[in-house]
Amino acid sequence: MDTYDANGLTLQRVRDLVWEIPREDDMNVAARVLASETLLDEISGDKTLEQLRNTATLPGIVEPAICMPDGHQGYGFPVGGVAAIDAENGCISPGGVGFDINCGVRMMTTNLTYDDVRGHEEELVNALFEGVPCGLGGGGVVETDVETVNQILDRGVEWALAEGYAVPADLDHCEDEGRRHDADPSAVPQKAKDRGKNQVGSLGSGNHFLEVQRVTDVVREDVAEEFGLAEDQIVVLIHCGSRGLGHQVCQDYVREIEKAHSGFVGGLPDRELAAAPAGSQLADEYYGAMCAAINFAWVNRQLVMHRVREVFEDVFDRKWESMEMHLLYDVAHNIAKKEAHPVDTAGDVPRLDPDGDERDLYVHRKGATRAFPAGRSELPPAFADVGQPVIIPGSMGAGSYVLRGGDRSLETSFGSTAHGAGRLMSRTQAKQEFWGGDVRDDLRERQKIYVRADSGATIAEEAPGVYKDVDEVIRVSDTLGIGDTVARTFPVCNVKG
DNA sequence: ATGTGC
């Protein structure tokens, strides 16, 4: 099939797994969906494609606007969206980052095998549930004050290192080495800091979780070896973000931008796309505040990991160093960053083109993961020759994937790939379809997956059946060469927010 | 995602 019709839009098939909404009317550039027809079917009835089309109207956007294979509708922009916008003549949009600034994932490896953990699952999941704060509201691994929050916002994981919650190797295995230097703590609203001060080291709620997993499949043996992954190995995955602090930053700046740039925002097809023109005071303030919230989220995941190491020490009665509980990598999937990408500016629209001139772009990745291949200058030495690890969490019944940045990601998607399985239904619908207690019992009896959660409703909202097939999402990423499959994991213990 | 409405 060469075209695909949905919701009054006609997508043209560019090549296998690449679909285009041609530029028309108020669009500044064409938009692309990276997906199989099966995945397209799952978004054909909601607002995902219309939202993607709308993002293509943003001033300064570089072709193409992109929706990833796990995309679904979100606030203004689709979740699973990549919008690369000129940082000099374009704009920056909080909705293109998302409410949970630097929601992301880190994976820790261990030298334990599944046999070491079998028989201890119940004790382990209970100890993790007791040790790691989760759910809505306050309570973190550490209680801090606004002065400390300012330090965290400014210094990121360097703060955690100075305070004894991290080792130097943790910083080398984190995107941006755990510190975004463009952070401006003074641009973070006081209310956001107040919300954050008792949430440092906490999972939160929704789709956030902490999971002990076993590696079930190694697909690229050489890369897996570089990453320290092998079959049957136990790993730990942590998925959380910037909690109430990031949420407050997003909310306040959306409002400020709507007020100060009402004419600019009014010209956009959806108020939820609210953006500040590049070079404006609010664009700079939002960028500084967002970067600070990014640092906060990295510290949050660092402190959760620190606590996980302590819990494993208690349960297995060994030091974490002897269990080799090292951070593999921490990657963000709700983020915007100034990055240089080659853009052809000679044609009728600015277009991503390997032969173009390097331009500074605000690359908005909302529910999309940076997936830089070997050779990209931002990568730390450990991954410079192999490509960065990309960690993609699936549902609690399906497991997750480790990829590495693919050779074609820069030319296809501004160095990005998917971020998860992607929801199939709303949380409200999920609670009508599933009962949390039944889901938990089923997972234990049928798949030996031990789940502990803050509430039964959360389990229902996150039941495996509310997610797309993560295998299909990964197949698209791998086939397109934007993120190459390295290993697959399967849940052993899951702590849900 | 979120002290789950203004």
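Everything quoted here is computed from the prediction, not taken from an experiment. Letters A, B, ... mirror the listed sequences (proteins, then strands); counts begin at 1.
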From [atom1] of [X] over to [atom2] of [N], roughly how many Å is that when rounded to an integer?
X	N	atom1	atom2	value
A/Asp252	B/dC6	CG	C1'	15 Å
A/Phe296	B/dT2	CZ	P	11 Å
A/Glu462	B/dT2	CD	P	11 Å
A/Tyr75	B/dG5	OH	P	15 Å
A/Phe99	B/dG5	CZ	P	13 Å
A/Leu203	B/dT2	CG	P	10 Å
A/Ile101	B/dT2	CD1	P	12 Å
A/Gln251	B/dC6	CD	P	7 Å

Near DNA chain B, counting only heavy atoms under 4.0 Å, which residues of residues 238-249 of chain A show up?
A/Arg243, A/Gly244, A/His247, A/Gln248

Ring pair (Phe, Tyr, Trp, His ring centres under 6.0 Å) pairs touching residues 240-269 of chain A, sequence neighbours excluded, are A/Phe99-A/His247, A/Tyr253-A/Tyr286

Tell me, which pairs form a ring pair (Phe, Tyr, Trp, His ring centres under 6.0 Å) where one or both residues lie in residues 412-432 of chain A, sequence neighbours left out?
A/His333-A/His419, A/His341-A/Phe414

Is it the case that the side chains of A/Thr369 and A/Thr417 hold a donor-acceptor pair, with the cut-off being a distance below 3.5 Å and no angle test?
no

Looking just at side-chain N and O atoms, do A/Ser416 and A/Arg365 make a donor-acceptor pair shorter than 3.5 Å?
yes

May I ask you to establish whether A/Lys337 and A/Tyr362 are in a cation-pi arrangement, using a distance under 6.0 Å from NZ or CZ to the six-membered ring centre and at most 45° from the ring axis?
no

Touch check for A/Gln199, heavy atoms < 4.0 angstrom, all strands: base, sugar-phosphate only, or nothing?
sugar-phosphate

Over all strands shown, is A/Gly206 touching base, sugar-phosphate only, or nothing at heavy-atom distances under 4.0 angstrom?
sugar-phosphate

Single hit among A/Thr55, A/Val33, A/Ile66, A/Ile43 for side chain to side chain contact (heavy atoms under 4.5 Å, CB included) with A/Pro78
A/Thr55

